[in-house]
2 protein chains.
Amino acid sequence: MRPLIHPSIEDVTVEGILHALSDPVRAAIYVELAGSACTNICSNFLQMSDRSIPKSTLSQHFRALREAGLVHSERHGVEMHNTSRCIEIEQRFPGLLPAILNAHRVQAADRARALKRKQATARKQGG
Amino acid sequence: MRPLIHPSIEDVTVEGILHALSDPVRAAIYVELAGSACTNICSNFLQMSDRSIPKSTLSQHFRALREAGLVHSERHGVEMHNTSRCIEIEQRFPGLLPAILNAHRVQAADRARALKRKQATARKQGG
DNA sequence: TCCATAGTTCGTATGTTACGAACTAAAGAA
DNA sequence: TTCTTTAGTTCGTAACATACGAACTATGGA
């Protein structure tokens, strides 16, 4: 098992952050992680929302978040504990993460609203 | 020549925006475009900064920006005029684009400072 | 009608990502 | 100690994405 790689904060790039968060699964993981203090793979993400994502894929996603500098990972016994590096990143790129997280909230709210409307329409047509 | 595709603003996604701007070339194009009112491929980007980027590649990058909803393109005679859709996007995802553009500024400034320091060190060692 | 300019499309070579199978590593039970 | 369970990683491969040169389209002007 190769050692965990965490870039120093000066080596964290905007491109890297945007790329990491441009994947819907990673974005969902990061949103979750920014809310709670700490997360690991099995406890939270093996059956995400609707579909379930394979462990190997999740492992790669966590690695991507870690190597982009978004997340700090530590092995505790058999588990991996992941925490957001949001304080460091906020210092380096002020406002970036809050704006992205907020945009995700806006989008989630919009989608929920659209779904509700669609369901209402379906009920009307059905009955 | 297939018609230009512009997603309506409700169909623009955070993931799409982040992915589009996670490429350094597209980010540079978009930074330029957000500064000036309007841009086309040949006049501005065929010899970007140091290296020159092939036309076909630039064409694809502009398409990516357009289909992510970041840019509006219009053919004027033989030229293509591109403008940022920043007002719409600001309405839908408030603060997102300013934060990303600011982060790119911070990064560019940091890189310039690091380069200067490196050159100074090289001068000291050389003479 | 011919040519130049601006940009697009296509084919291919190269890179990236997803996922199952096989693995490592720690913790606890027998 | 050895077996088993749990948590996560790594590897191989198939599917998808991207970059770039060559060939193309479309417009404007000589």
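Side chains included, hydrogens not; waters and symmetry mates left out as well; all remaining heavy atoms used. So you know, we letter chains A, B, ... as the sequences are listed, proteins then strands, and number each from 1.
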**Item:** For A/S56, all residues meeting side-chain contact (heavy atoms from CB on, under 4.5 Å), sequence neighbours excluded
**Value:** A/P54
**side-chain contact (heavy atoms from CB on, under 4.5 Å) partners of A/V31, counting only residues at least two apart** =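 Partners of A/V31 under the side-chain contact (heavy atoms from CB on, under 4.5 Å) test: A/L101, A/H104.
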Set out, line by line, the N/O atom pairs under 3.5 Å between protein and nucleotides 11-18 of chain D.
{"residue": "D/dT18", "atom": "OP1", "partner": "B/H19", "partner atom": "NE2", "Å": "3.3"}

For [X] and [N], give me the distance from atom [atom1] to atom [atom2], rounded to whole Å.
| X | N | atom1 | atom2 | answer |
| --- | --- | --- | --- | --- |
| A/I53 | D/dA7 | CD1 | P | 17 Å |
| A/F62 | C/dC19 | CZ | P | 15 Å |
| A/E74 | D/dG8 | CD | P | 14 Å |
| A/M80 | C/dA25 | CE | C1' | 12 Å |
| A/L58 | C/dG20 | CG | P | 12 Å |
| A/E79 | D/dT6 | CD | P | 12 Å |

For residues 7-14 of chain B, tabulate all N or O donor-acceptor pairs below 3.5 Å that involve a side-chain atom, not counting sequence neighbours.
{"residue": "B/S8", "atom": "OG", "partner": "B/D11", "partner atom": "OD2", "Å": "3.3"}
{"residue": "B/T13", "atom": "OG1", "partner": "B/G16", "partner atom": "N", "Å": "2.9"}

**Message:** Filter on salt bridge (Lys or Arg N to Asp or Glu O under 4.0 Å), then keep only pairs touching residues 89-103 of chain A, sequence neighbours left out; what's left?
**Reply:** A/R92-B/D110
**Request:** Enumerate the residue pairs fulfilling salt bridge (Lys or Arg N to Asp or Glu O under 4.0 Å) with a member in residues 68-86 of chain B, sequence neighbours excluded, ordered by first and then second residue.
**Result:**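 Every pair satisfying salt bridge (Lys or Arg N to Asp or Glu O under 4.0 Å) with a residue in residues 68-86 of chain B: B/R85-B/E88.
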**Request:** If a pair satisfies ring pair (Phe, Tyr, Trp, His ring centres under 6.0 Å) and one of its residues is in residues 6-27 of chain B, list it, with sequence neighbours excluded.
**Result:**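 Applying ring pair (Phe, Tyr, Trp, His ring centres under 6.0 Å) to every pair that reaches into residues 6-27 of chain B, excluding sequence neighbours, yields B/H6-B/H72.
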**Request:** Between protein and nucleotides 24-30 of chain D, map the contacts as a letter string: B base, S sugar-phosphate only, - none, heavy atoms under 4.0 Å, written 5' to 3'.
**Result:** -BBBS--
**Message:** I want to check one thing: is the phosphate of D/dA19, taken as OP1 and OP2, less than 4.0 Å away from some side-chain N or O of B/T57?
**Reply:** no
**Message:** What's the separation between atom CD1 in A/I53 and atom NE2 in A/H61, rounded to the nearest 0.5 Å?
**Reply:** 6.5 Å
**Prompt:** Can you name the salt bridge (charged side-chain N to carboxylate O under 4.0 Å, His left out) partners of A/R105, sequence neighbours left out?
**Reply:** none
